[in-house]
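Below: the structure, in structure tokens.
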Amino acid sequence: MSFDVDVTARIGTALVTCVIPPAPGLTVLFGPSGVGKTSVLHMIAGLRKPDHGHVRVGDTLLFNSVKRVNLPPHRRRAGYVFQEPRLFPHMRVRANLLYGYRKGEGSIDVDDTIALLGLEPLLDRWPRGLSGGEARRVAIGRALLSNPRFLLLDEPLSSLDRGRREEIMGLIERVRDTLALPILLVTHDPNEARRLGNRIVEL
């Protein structure tokens, strides 16, 4: 299963166009800040409607301007990790992870996810007590436990120091190599792109 994307949208005075041909593994959407990378993620997730084009993941058509198909976000089943972790401050880590947990075909076991991401020591802690890297790990775990059809990672390494960046890159590599999920990761860092991506799409 992979992404098949060809979208165009006018955003303010800018025209954002992105083509992602089908290919397995982790795709990096690469380019400088301000070129519309996050807007492309929003179009794939259903948070912004393209003016023209199509979005398909595997055999599922999510958007097609000609056929007038535009699935709402909840039916697209995107596991979206935003630039900021967006954890609920009034919930401990365990409750944050289980928020939106969805069982079903292809769903990931809770204990397996906790083990994969090394979250066991964090389960009883509050978000305010987490480091930046720990909060990102929890956000990725919450996205995986929503039983997503695909995973969108928007600058997951931004604002992290070198040690935390290495930690999260290793975690993304484990998710990439362990789970059969199409992953689209946004970055403006060429080293991250080369290390994490099975292919790189420049915007």
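All values reported here derive from a predicted model rather than from experimental measurement. All values below come from the heavy atoms of this structure, side chains included, with hydrogens, waters and symmetry mates left out.
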Considering non-hydrogen atoms only, spot the tightest contact between [X] and [Y] and give its length.
X      : Y      : result
Pro127 : Met91  : CD-O, 3.0 Å
Arg195 : Glu173 : NE-OE2, 2.9 Å
Gly36  : Leu203 : C-CD2, 3.7 Å

Got a sec, which hydrophobics cluster with Leu61, joining ILVMFWY side chains under 4.5 Å apart, including via others? Val69
List, by chain and number, the other hydrophobic cluster members for Val19, where Ile, Leu, Val, Met, Phe, Trp and Tyr join if side-chain heavy atoms come within less than 4.5 Å, directly or indirectly. none
Under the 3.5 angstrom rule, does the side chain of [X] hit a backbone N or O of [Y] as a donor-acceptor pair?
X      : Y      : result
Arg10  : Asp51  : no
Arg92  : Asp124 : yes
Arg165 : Ser158 : no
Arg125 : Val93  : no
Arg174 : Leu116 : yes
Thr187 : Phe30  : no
Arg137 : Leu117 : yes

Suppose the criterion is ring-ring contact (aromatic ring centres under 6.0 Å, His included): which pairs have a residue in residues 152-177, not counting sequence neighbours? none
Quick test of your reading: applying ring-ring contact (aromatic ring centres under 6.0 Å, His included), list the pairs with at least one residue in residues 149-203, sequence neighbours left out, ordered by first then second residue. Phe3-Phe150
Residue list, ring-ring contact (aromatic ring centres under 6.0 Å, His included) with Tyr99, at least two apart or on another chain: Phe88
Partner residues of Arg56 under the salt bridge (charged side-chain N to carboxylate O under 4.0 Å, His left out) criterion, sequence neighbours left out: none
I'd like to check Asn198 versus Pro24 (side-chain heavy atoms, cut-off strictly below 4.5 Å). Are they in contact? no
Tell me yes or no: between the side chains of Arg102 and Ser146, is some donor less than 3.5 Å from an acceptor? no
